[in-house]
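Scroll down for the structure; my scribbles are underneath it.
The chain is numbered in sequence order, starting from 1.
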Amino acid sequence: MRLRAAGRTDTGVHATGQVAHVDVPADALPNAYPRAPRVGEPEFLPLVRRLGRFLPTDVRVLHIARAPAAFDARFSALRRHYVYRLSTAPYGVEPQQARYVTAWPRDLDVEAMATASRDLVGLHDFAAFCRQRENATTIRDLQRFDWSRDGDLISAHVTADAFCWSMVRSLVGALLAVGEHRRPASWCRDLLSATDRSSDFAAAPAHGLTMVGVDYPPDDQLAARILITRDLRTRG
């Protein structure tokens with residue numbers, strides 16, 4: 001059996017909203033249960049509990065359900081949502097958050113970053129922000145890229161139909177150059193004309209990024225969505 005996930009993140013990136021599917025033979029299901037579900041209990045709750053005892057402490061299955069026949073965790077998806085978190089606190093990041101928040105030693109102009117981010121929203125070729133893969137398109141529909149600040153905590157909210165390898169971290173890394181006033185806000189818009197990964201900025205550290213959700217169409221539109229997505233991903 002092969003597990004297929006909605007998104008493949010870089011090493012060190014977290015996920016609280018990952019979705020995956022696996023095809024399980026019907027005759028294998030009875031062997032997966034320590035007991036039958038109780039009346040009113042979700043069908044696969046016993047299996048969720050059992051997996052919680054066997055999986056490593058940093059991995060948890062939150063919910064299991066039967067998927068429609070046409071469902072594909074990756075190719076059925078309409079969009080993915082990520083959040084990148086940074087702290088500009090002078091002491092860095094509090095210990096309980098250090099695994100999920102990037103400490104940034106310099107102040108950031110969040111308004112300038114928000115202005116530059118708006119220029120990137122839409123359907124564009126994000127080659128400057130992607131590690132290249134042979135015969136893979138770098139055209140993506142960036143549907144949301146905005147910033148919020150709560151004291152020393154700065155968060156980037158990023159949504160797209162899909163992301164290239166390291167794309168979110170690269171977007172954040174470019175915007176950090178704007179936030180530090182090392183680059184003007186218009187610079188990010190100019191990067192959209194590049195045909196290769198830009199070396200003018202570094203990708204933001206992986207541990208500050210979290211995949212927080214995936215959206216899917218109604219069940220009767222799943223098969224059509226897969227055809228559209230596969231076509232987009234295989235264009236050169």
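V13 places none of its side-chain heavy atoms less than 4.5 Å from the side chain of M211. The side-chain heavy atoms of L51 and I64, taken from C-beta on, include a pair separated by under 4.5 Å. The shortest distance between side-chain heavy atoms of T159 and R80 does not fall below 4.5 Å. Counting heavy atoms from C-beta outward, R74 and R4 have side chains that stay 4.5 Å or more apart. At a threshold of 4.5 Å between non-hydrogen side-chain atoms, the residues W147 and L86 count as touching. S170 has its side chain within reach of R197: a pair of non-hydrogen atoms, C-beta onward, lies under 4.5 Å apart. With contacts defined as side-chain heavy-atom distances shorter than 4.5 Å, the pair D161/R140 qualifies. Residues L153 and Q97 fail the side-chain proximity criterion, which asks for heavy atoms closer than 4.5 Å.
Cluster annotation: F145 is connected to V168 through the hydrophobic network of ILVMFWY side chains, with a link wherever side-chain heavy atoms come within less than 4.5 Å. A continuous path of ILVMFWY side-chain contacts below 4.5 Å connects M167 to L191, so both sit in one hydrophobic cluster. One hydrophobic cluster, built from ILVMFWY side chains closer than 4.5 Å, cannot hold both V93 and W104; they sit in different ones. Linking ILVMFWY residues whenever their side-chain heavy atoms come closer than 4.5 Å, directly or via other members, leaves Y100 and L176 in distinct clusters. Taken together through direct or relayed side-chain contacts under 4.5 Å among Ile, Leu, Val, Met, Phe, Trp and Tyr, L120 and V110 form part of one hydrophobic cluster.
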Audit row: W187, D200, side chain to side chain contact (heavy atoms under 4.5 Å, CB included) steps and yes/no: CA-CA 11 Å; W187 171 67; D200 291 341; 3.8 Å; yes

Derivation and outcome, side chain to side chain contact (heavy atoms under 4.5 Å, CB included), residues S76 and L222: CA-CA 6 Å; S76 296; L222 290 169; 3.8 Å; yes

Ring pair (Phe, Tyr, Trp, His ring centres under 6.0 Å) assessment of F129 paired with F163: CA-CA 10 Å; F129 303 92; F163 292 93; over 10 Å; no

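Without hydrogens or angle criteria, H207 side chain to V101 main chain gives a donor-acceptor distance under 3.5 Å. Using modelled atom types, no side-chain atom of Y82 and backbone atom of A15 make a donor-acceptor pair closer than 3.5 Å. R60 places a side-chain N or O within 3.5 Å of a backbone atom of G52 that can act as its donor or acceptor partner.
Contact record, T16 with V212: OG1-CA, 3.6 Å, taken as the closest heavy-atom pair. Nearest heavy atom pair, residue T229 against residue F75, reads OG1-O, 3.0 Å. Of all heavy-atom pairs spanning A70 and I226, the tightest one is O-CD1, 2.9 Å. Across R225 and P217, no two heavy atoms sit closer than the pair CB-CG, 4.1 Å. When all heavy atoms are compared, the tightest approach of A5 to A73 is C-CB, 4.0 Å. Closest approach of L142 to V121, counting heavy atoms only: O-CG1, 3.2 Å.
Atoms CG and CD, on L175 and E180 in that order, are 11.5 Å from each other to the nearest 0.5 Å. Remark: I139 CD1 to C164 SG distance equals 9.5 Å, nearest 0.5 Å. Once rounded to the nearest 0.5 Å, the distance linking CG of D119 with CG of D190 reads 9.0 Å. Separating the CG atom in D10 from the CZ atom in R131 is a distance of 6.0 Å, to the nearest 0.5 Å. Once rounded to the nearest 0.5 Å, the distance linking OG1 of T102 with CZ of R85 reads 11.0 Å. M113 contributes atom CE, which lies 12.5 Å from atom CZ of R118 (distance to the nearest 0.5 angstrom).
Side-chain contact of D215 with H81: a donor-acceptor pair under 3.5 Å is present, judged by distance alone.
Residues R99 and D58 are paired through a salt bridge, judged by an N-O separation under 4.0 Å between the basic side chain and the carboxylate. A salt bridge is defined here as a Lys NZ or Arg NE, NH1 or NH2 lying under 4.0 Å from an Asp or Glu carboxylate O, and D107 with R149 meets this definition.
For CD of E111, the number of neighbouring non-hydrogen atoms (other residues, nucleotides, ligands) closer than 6.0 Å is 12 at most. Shown here is D220, whose CG atom has more than 12 heavy atoms of other residues, nucleotides or ligands within 6.0 Å.
Between F71 and Y216, the two ring planes are tilted [angle within 30° to 60°].
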